[in-house]
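Notes follow once the structure below has been shown.
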Amino acid sequence: MIKKILFGFAATALLAGAAQAQDSQYGARSQDTFNLTATVDPVVRVSGLTDLTFNIGAAFLNSSNPNITQRPNYCVYSNVTSAGTYELEVTGVAFGTGSDNRWKLSGPNGALAYTVNNRAGTVERQMGPNDSFAFTAAASTGTRPNTGDCSDVGGSNNQLIVAFSRADILAASAGTYTGVVTVIAKAI
């Protein structure tokens with residue numbers, strides 16, 4: 001009985017050792033091998049956003065433009081799939097119930113509404129409260145960035161379009177309106 005148990009332990013040790021690195025023999029030449037495994041987690045990174053300031057005055061109001069906009073470029077890096085898939089969401093303070101996809105800045109006498117769109121290549125989406133959309137990092141350049149700042153694909157692969165409408169500006173009281181917008185990318 002003891003011989004059977006010892007034989008069982010020896011067989012188990014041989015089988016377990018076959019999958020692991022083994023020391024080699026002494027000689028004029030010696031070599032050894034080992035298994036190597038690396039796991040890269042799915043990650044995303046948003047970079048390159050800068051603060052925006054709109055100086056809205058008579059020049060805009062006397063123009064025929066329906067909106068005053070700024071279009072900052074920025075980078076979203078994603079290593080999820082070869083195209084760099086990610087989900088994008090914008091957060092801030094919703095204007096009203098948020099059902100009309102507008103956001104608001106707070107000011108001395110109330111709020112000023114604005115909209116945010118995101119463009120990646122030819123895909124553009126209005127980013128309202130409770131919205132999130134899938135994009136690919138390769139959409140605008142045809143190549144997924146391999147750097148976290150998109151320096152290898154021209155410095156950006158996304159564009160925000162932040163707009164105030166003439167109607168919302170005319171409805172607002174004079175003053176400075178402020179708020180924070182957060183762009184969130186998620187690995188999907």
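In what follows, residues are counted from 1 in the order of the sequence shown.
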Between [X] and [Y], is there a donor-acceptor pair closer than 3.5 Å when you use the side chain of the first and the backbone of the second?
X      : Y      : value
Ser30  : Gln25  : yes
Asp168 : Leu112 : no
Ser24  : Gln31  : yes

Which heavy-atom pair separates [X] from [Y] by the least distance, and what is that distance?
X      : Y      : answer
Met127 : Leu88  : CE-O, 3.3 Å
Arg144 : Thr81  : NH1-O, 3.6 Å
Arg102 : Ala113 : NH1-CB, 3.6 Å
Cys150 : Val76  : SG-N, 4.2 Å
Gly155 : Cys75  : O-CB, 4.3 Å
Gln126 : Thr115 : NE2-CG2, 3.4 Å

Hphob cluster co-occupancy, [X] + [Y], side-chain heavy atoms under 4.5 angstrom:
X      : Y      : value
Tyr77  : Val44  : no
Val162 : Ile68  : yes
Leu160 : Val180 : no
Tyr86  : Val80  : no
Val116 : Val183 : yes

Rounded at 0.5 Å granularity, tell me how far [atom1] in [X] sits from [atom2] in [Y].
X      : Y      : atom1 : atom2 : answer
Asn118 : Arg125 : CG    : CZ    : 10.0 Å
Ser78  : Glu87  : OG    : CD    : 11.5 Å
Asn157 : Tyr74  : CG    : OH    : 8.0 Å

### Query
Taking it one step at a time, do Asp152 and Thr147 satisfy side-chain hydrogen bond (donor to acceptor under 3.5 Å, both in side chains)?
CA-CA 6 Å; Asp152 60 330; Thr147 60; 2.9 Å; yes

Review item, side-chain donor-acceptor pairs of residues 131-139, under 3.5 Å, at least two apart:
residue	atom	partner	partner atom	Å
Asp131	OD2	Gly128	N	3.0

### All salt bridge (Lys or Arg N to Asp or Glu O under 4.0 Å) counterparts of Arg119, not counting sequence neighbours
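Only Glu124 meet the salt bridge (Lys or Arg N to Asp or Glu O under 4.0 Å) criterion with Arg119.
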
Side-chain donor-acceptor contacts of residues 49-63 below 3.5 Å, not counting sequence neighbours, with atom names and distances?
residue	atom	partner	partner atom	Å
Asn62	ND2	Ala58	O	3.1
Ser63	OG	Phe60	O	2.6
Ser63	OG	Asn65	N	3.3

